[in-house]
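If you're wondering where the values come from, they're calculated on a predicted model, not measured in any experiment. All values below come from the heavy atoms of this structure, side chains included, with hydrogens, waters and symmetry mates left out. A, B, ... follow the sequence lines: proteins, then strands. Residue 1 opens every chain.
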Amino acid sequence: MKAGGPDGIPVEELDEAQARDELARLASAIDEADRAYHTEDAPRISDAAYDALKARNAAIEARFPDLKRPDSPSKRIGGVVAEGFAKVAHARRMLSLANAFEAGEVAEFVAGIRRFLGLPAEAALAFTAEPKIDGLSLSLRYEAGRLVQAATRGDGAVGENVTANARTISDIPDRIENAPTLLEVRGEVYMHHDDFAALNARQAERGGRTFANPRNAAAGSLRQLDSAITRSRPLRFFAYGWGALSEPLAATQMVAVERLAGFGFPTNPLMQRCESLEAMLACWAAIEQRRATLGYDIDGVVYKLDDLALQERLGMRSTTPRWALAHKFPAETAWTRLEAIDIQVGRTGALSPVARLGPVTVGGVVVANATLHNEDYIAGRDSRGAPIRDGKDIRAGDWVKIYRAGDVIPKVADVDLGRRPSGAEPYAFPEACPECGSPAIREPGDSVRRCTGGLICPAQAVERLKHFVSRAAFDIEGLGAKQVEAFWHDGWITEPADIFTLQSRYGSGLQQLKNREGWGEKSAANLFAAIEERRRIPLQRLIFALGIRHVGEAAAGLLARQYGTWDAFEAAMTRAEPGSAEWEELLGINGVGEVMATSLTAAFANDAERALIDRLIAQLDVEPAVQAAGDSPVAGKTVVFTGTLEKMTRAEAKARAEALGARVAGSVSAKTDLLVAGPGAGSKAKKAAELGIETIDEDGWLELVGGG
DNA sequence: GTGCCTCGAGTTCA
DNA sequence: CTCGAGGCAC
């Protein structure tokens, strides 16, 4: 067996670093043994040796509970993770990229970087340009040169552990030489056109299912629970970036990627360095020209700022880095007939038109529905009244050109007026809710028409319940959108509180639930257990789950942190009205404005709504929110910058401070904790002195937050 | 008032 | 993933 087997250093003598290394090795050794046992029917180690590995893993975890890995073997049962793959937290987030479709947007991207860094327009900036592979991204963790973990992107923060499958891909080395002790390589798994065609032919021959396109084939192959199947699939890999590192790879993007190639990873041969905007656009055009002959799918070109120190200074927006951009190729389109326009009613009452289409293949996927957004979109206008599609409106029976925005969401790009059936009438947008008949009103300046039925509208009621059980809200296992709809239809659940009384009303002996289609004793018991588990709910989730208009996940987090407990939150929302101290406190939260405040107080002032909330709360045990215990010295502090900053721009300083958990304000007030004053600071510095607020200079700030 | 940037709410298909 | 709108800095 491998190093770190049961015969290593006694557990009592391990230090933390050794323990961490060994847990990683044990996880992959056990993983490998599991896969061999369960999927290849050919155990590679004896049962006794396997048990010893598990026992040692448990002993180390007991001594160092903090080091317990998210993919810990102790969480697995019989080698197969319940519910598919184990979740793994990425040591550094896997990013997505901002998109551009026009040259002008690329120019704006470059100009924006100059602005952010405070560089003059003529200052040279170099970028890398490389094809954007249409596959799935993968993060490979190497410790001491050995592949210990492979994870999919997931939501960027948490992905799925696909280590056993990644090991079967020949482009991915198991070991690398002369590498940093920790190296996370990031890249794209994809499938060649030839391999895709051969795979589909083979699948068809065996009567198996064929894949719609190489991307789906690659995704389906990588996410096989049985890695023997993955092994039989011709997957390939290009490395283009990195995550956590024990030491920097290089000073530039280009050289860093060359180093990855040096470690033995395939890197894209078309990647090159561009010294100017013109060179970037030329590179884009050149790659597009070669697109059809590459042998694999690409959907654009990725630009990255070459200088890694500058990348660091630019930092991140909420989900995308400021230093990279995906410049997409024009989307594939297809013509089809629009059979009908239907209206869906959302949780807030929004009436959304949907196009029912004659099925048509766009970009390798059969599309039968497309969003039509709103009234104006159908009429051929944007929100400002300017014409779109040359002002052509959309009518039932029209021939329409479909594309998939971002290669995902089907949309109507154009209408063929020449083929419009005679007698086709302009679409009359309904002025009453198709579900409940209440008037549907469009507020001045709003682009959507909303059903005014509120709680009496069945569509809104169901959508609100779906929202309530959604992932960022109560997230009850076994109670998804479909189940909620079925329960609602039978009158078992009509409002959130009903979920928590379901067992007492229908669960006795489980008879009634068992009689429902698709429910057995086991699944019913599981559902009730999952519901019980969620009686205790973090305040943030609860606030989000209420589904108050304008209050999403982020706002719910802000509110939970501000008020801490449900009682404090509820009291404040009940008492807040313009002019009151509670109202001021609410508006004082950075990110809450009048619209949101009005929406919140209105919800708590509405009797029916309020009764619904009260019935729900009676069923729950709300977990108070804790102030984020950031370890930065400025976390939670309000900072003001004034005067001239010499080593960073204003935007940069602000982004940095916020990344460390500080709130950046524009003017000094009693709420200010720290003033950073550069040369030329005037009235703000004076005011800070009067208020006795701590004031430091730019160097003091850099020292405080650790370097530049 | 204008111009970011971020968030909310809507959307499809496998 | 995208659009529109809310919130905030300038």
Side-chain angles (χ1 to χ4, degrees), chain A residues 96-99 101 108 111-112 115-116 136 209-213 215-220 223 299 315-320 322 326 328 331 342-357 359-377 382-384 388 402-412 443 445-450 460 463-464 466-467 470 472-473 544 547-558 586-600 640-641 650-651 653-655 658 663-667:
Chain A
S96 51
L97 298 176
N99 290 322
F101 296 92
E108 182 44 43
R115 264 204 307 279
F116 193 97
L136 26 352
R209 67 166 242 235
T210 56
F211 292 99
N213 54 51
R215 207 203 92 86
N216 285 358
R223 298 190 73 262
D299 58 356
M316 299 273 297
R317 277 184 289 260
S318 67
T319 60
T320 61
R322 291 195 182 83
K328 298 295 196 69
D342 284 353
I343 298 286
Q344 294 177 355
V345 181
R347 134 178 101 81
T348 63
L351 267 47
S352 307
V354 183
R356 306 298 177 196
L357 307 169
V360 62
T361 303
V362 193
V365 173
V366 179
V367 167
N369 302 301
T371 176
L372 292 171
H373 289 298
N374 56 44
E375 220 166 329
D376 286 344
Y377 190 86
D382 70 9
S383 62
R384 269 157 269 141
I388 53 174
I402 304 294
Y403 73 105
R404 293 199 304 149
D407 282 332
V408 181
I409 312 290
K411 293 187 149 193
V412 176
E443 300 287 342
D446 208 348
S447 59
V448 298
R449 192 174 278 277
R450 288 177 203 280
Q460 287 190 52
E463 293 304 316
R464 285 178 59 138
K466 287 185 189 167
H467 171 78
S470 67
F544 174 66
I548 294 164
R549 189 129 96 90
H550 300 122
V551 180
E553 216 180 326
L558 293 173
L586 188 53
L587 287 176
I589 300 172
N590 196 353
V592 177
E594 271 189 41
V595 173
M596 212 185 276
T598 307
S599 180
L600 278 160
V640 175
F641 293 94
R650 193 59 69 99
K654 179 174 183 289
E658 284 172 351
R663 174 182 172 189
V664 178
S667 58

I want to check one thing: is the phosphate of [N], taken as OP1 and OP2, less than 4.0 Å away from some side-chain N or O of [X]?
{"X": "A/Gln344", "N": "B/dG10", "result": "no"}
{"X": "A/Ser447", "N": "C/dG4", "result": "no"}
{"X": "A/Lys411", "N": "C/dC3", "result": "yes"}

Identified side chain to side chain contact (heavy atoms under 4.5 Å, CB included) counterpart of A/His550 within the set A/Thr348, A/Leu600, A/Val595: A/Val595
Grab the [atom1]-[atom2] distance between [X] and [N] for me, whole Å please.
{"X": "A/Phe116", "N": "C/dC10", "atom1": "CZ", "atom2": "P", "answer": "13 Å"}
{"X": "A/Lys466", "N": "B/dG10", "atom1": "NZ", "atom2": "P", "answer": "12 Å"}
{"X": "A/Leu587", "N": "C/dG7", "atom1": "CG", "atom2": "P", "answer": "9 Å"}
{"X": "A/Arg356", "N": "B/dT11", "atom1": "CZ", "atom2": "C1'", "answer": "12 Å"}
{"X": "A/Arg464", "N": "B/dA9", "atom1": "CZ", "atom2": "P", "answer": "11 Å"}
{"X": "A/Leu600", "N": "C/dG6", "atom1": "CG", "atom2": "P", "answer": "14 Å"}
{"X": "A/Asn374", "N": "B/dT11", "atom1": "CG", "atom2": "C1'", "answer": "12 Å"}
{"X": "A/Asn369", "N": "B/dG10", "atom1": "CG", "atom2": "P", "answer": "17 Å"}

Which listed nucleotide ([options]) is nearest to the side chain of [X]?
{"X": "A/Ser352", "options": "B/dG8, B/dT11, B/dC4", "value": "B/dT11"}
{"X": "A/Thr348", "options": "B/dG8, B/dA9, C/dG6", "value": "B/dA9"}
{"X": "A/Arg115", "options": "B/dC4, B/dG8, C/dT2", "value": "B/dC4"}
{"X": "A/Val595", "options": "C/dG6, C/dC1, B/dT6", "value": "C/dG6"}
{"X": "A/Val367", "options": "B/dA14, B/dC13, C/dC1", "value": "B/dC13"}
{"X": "A/Pro410", "options": "B/dA14, B/dT12, B/dG8", "value": "B/dT12"}
{"X": "A/Val354", "options": "C/dG7, B/dT12, B/dG8", "value": "B/dT12"}
{"X": "A/Val366", "options": "B/dA14, B/dT11, C/dG6", "value": "B/dA14"}
{"X": "A/Ile409", "options": "B/dT11, C/dT2, B/dA14", "value": "B/dT11"}

So what does [X] touch, heavy atoms closer than 4.0 Å: a base, only the sugar-phosphate, or nothing?
{"X": "A/Phe211", "answer": "nothing"}
{"X": "A/Ala370", "answer": "nothing"}
{"X": "A/Arg347", "answer": "sugar-phosphate"}
{"X": "A/Ala219", "answer": "nothing"}
{"X": "A/Val448", "answer": "nothing"}

Contacts of A/Arg464 that satisfy salt bridge (charged side-chain N to carboxylate O under 4.0 Å, His left out) - sequence neighbours left out: A/Glu609
Partner set under salt bridge (charged side-chain N to carboxylate O under 4.0 Å, His left out) for A/Arg449, not counting sequence neighbours: A/Glu375
Contact nearer the 5' end of DNA chain B, comparing A/Ala350 with A/Ala368: A/Ala350
DNA chain B: 5'-proximal contact among A/Val345 and A/Glu108 (nearest heavy atom): A/Glu108
Minimal non-hydrogen separation, A/Val366 against A/Pro359, with atom names: CG1-CB, 3.9 Å
Nearest-0.5 Å distance, CG of residue A/Leu586 to CG of residue A/Leu558: 10.5 Å
From CD1 (A/Ile409) to CZ (A/Arg404), nearest 0.5 Å: 9.0 Å
Enclosure of A/Arg223 CZ (heavy-atom neighbours >12, cutoff 6.0 Å): no
